[in-house]
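Please read all numbers here as calculations on a predicted model, not as lab measurements.
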Amino acid sequence: MKFPFCFRAYGVQSVWLKVAAIICLTFPAAAEVSVLALGDSLTQGYGLPPDQGFVPQLEEWLTAQGAEVSLTNGGVSGDTTAGGLSRVAWSLTPGTDVMLVALGGNDLLRGIDPDVARANLDGILATADAEGVAVLLIGMSAPGNYGADYKVRFDRMYPDLAEKWGVPLVTDFLGALRDAGATDDSLRDYVQPDGIHPSAVGVELIVNAVGPEVLALVEATGNVNPD
């Protein structure tokens with residue numbers, strides 16, 4: 001006796017569904033990596049459309065590299081290292097895998113003692129270490145306004161802390177803009193009229209420079225799909 005076609009087709013389909021289930025159990029899909037970007041207005045995307053800030057552009061860049069990621073914008077305009085320290089514990093929600101720490105710009109603008117800023121960043125990194133969260137530390141480069149000694153102490157705290165906690169370091173958040181802007185006129189293409197915050201084009205340069213470092217942390221979790 002022959003079975004109706006629909007029954008025979010269903011039987012074949014059932015076999016393939018079982019095979020697919022076995023494959024899925026054997027090769028589970030990579031879990032999405034949760035990344036928190038803890039920072040100030042540079043992270044928050046001050047003055048830019050919602051989809052053109054640092055965090056959305058970075059997420060788009062990482063996705064284009066095959067990374068399964070979800071980024072949380074933890075940037076607060078005007079925040080100092082002290083502000084970051086005060087909120088890092090509750091910002092690191094359960095499931096956070098990676099944290100980007102990009103603070104210090106407002107400490108510079110206020111002339112805060114580099115030793116105070118260093119202690120705050122140290123506390124942030126200690127919190128991340130206790131939670132088992134991988135960190136990328138993103139520094140700033142001090143201008144000479146406060147003197148040579150201030151600049152040396154401020155600039156030095158980032159590599160010192162990166163070495164202490166064994167985390168990777170991007171020396172200067174705005175370094176890509178300085179590299180691209182050979183003159184003041186060309187630099188204007190990459191910053192907003194306030195002369196401080198990057199334009200959307202400037203953010204793209206920053207993401208291209210910072211992205212590989214973030215991707216390396218994501219790859220360490222094994223959550224990158226091959227081409």
In Å and rounded to the nearest 0.5 Å, what is the [atom1] to [atom2] distance from [X] to [Y]?
X    : Y    : atom1 : atom2 : result
L42  : I206 : CG    : CD1   : 7.0 Å
L174 : S141 : CG    : OG    : 9.0 Å
R156 : K151 : CZ    : NZ    : 12.5 Å
N73  : E59  : CG    : CD    : 10.5 Å
N106 : S77  : CG    : OG    : 8.5 Å
L36  : S70  : CG    : OG    : 10.5 Å

Taking the side chain as C-beta and beyond, is there a heavy-atom pair between [X] and [Y] under 4.5 Å?
X    : Y    : result
L137 : L161 : yes
L92  : M99  : yes
L136 : P168 : yes
Y158 : T171 : no
L58  : V35  : no
L38  : L100 : no
K164 : D122 : yes
L108 : P143 : yes

Modelled atom types, side-chain donor and acceptor of S199 and Q192, under 3.5 Å: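 Their side chains do not contain a donor-acceptor pair, so the 3.5 Å distance test is not met.
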Side chains of D107 and T81, donor plus acceptor under 3.5 Å: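 Checked: D107/T81 side chains pair up, N/O donor to acceptor below 3.5 Å.
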If two hydrophobic side chains count as joined below 4.5 Å and joins carry through other members, does [X] share a cluster with [Y]?
X    : Y    : result
V76  : Y46  : no
W165 : V135 : yes
Y146 : M157 : yes
V170 : M140 : yes

V133/D97 under side chain to side chain contact (heavy atoms under 4.5 Å, CB included): CA gap, chis, key distance, verdict: CA-CA 5 Å; V133 174; D97 302 298; over 6 Å; no
Nonpolar side-chain network containing I196, other nodes, edges under 4.5 Å: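 None; I196 is a cluster of one.
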For I112, the rest of its hydrophobic cluster, which grows through side-chain links under 4.5 angstrom: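 V116, which link up through side-chain heavy atoms under 4.5 Å apart, make up the rest of the cluster.
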Side chain to side chain contact (heavy atoms under 4.5 Å, CB included) evaluation trace for V101 with I138: CA-CA 6 Å; V101 179; I138 304 175; over 6 Å; no
Restricting to non-hydrogen atoms, name the atom on [X] and the atom on [Y] that form the minimum distance, rounded to 0.1 Å.
X    : Y    : answer
D79  : L103 : O-CD2, 4.2 Å
Q57  : Q52  : NE2-O, 2.9 Å
D40  : G105 : OD2-N, 3.8 Å
A67  : V218 : CB-CG1, 4.0 Å
L169 : P159 : CD2-CA, 3.6 Å
V201 : D189 : CB-O, 4.3 Å

Ion pair check, D149 and R153, cut-off under 4.0 Å: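 Judged by the 4.0 Å cut-off on N to carboxylate O distance, D149 and R153 do form a salt bridge.
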Ionic contact status for R118 with D160, cut-off 4.0 Å: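 The answer is yes: the pair qualifies as a salt bridge.
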Pairs meeting criterion ring pair (Phe, Tyr, Trp, His ring centres under 6.0 Å) with involvement of residues 49-92, two or more places apart: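 Found F54-F173.
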Mutual orientation of the aromatic rings belonging to Y150 and F154 [parallel < 30°, tilted 30-60°, perpendicular > 60°]: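 Rings of Y150 and F154: parallel, under 30°.
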Step-by-step side chain to side chain contact (heavy atoms under 4.5 Å, CB included) determination, T96 to T93: CA-CA 6 Å; T96 301; T93 55; 3.5 Å; yes
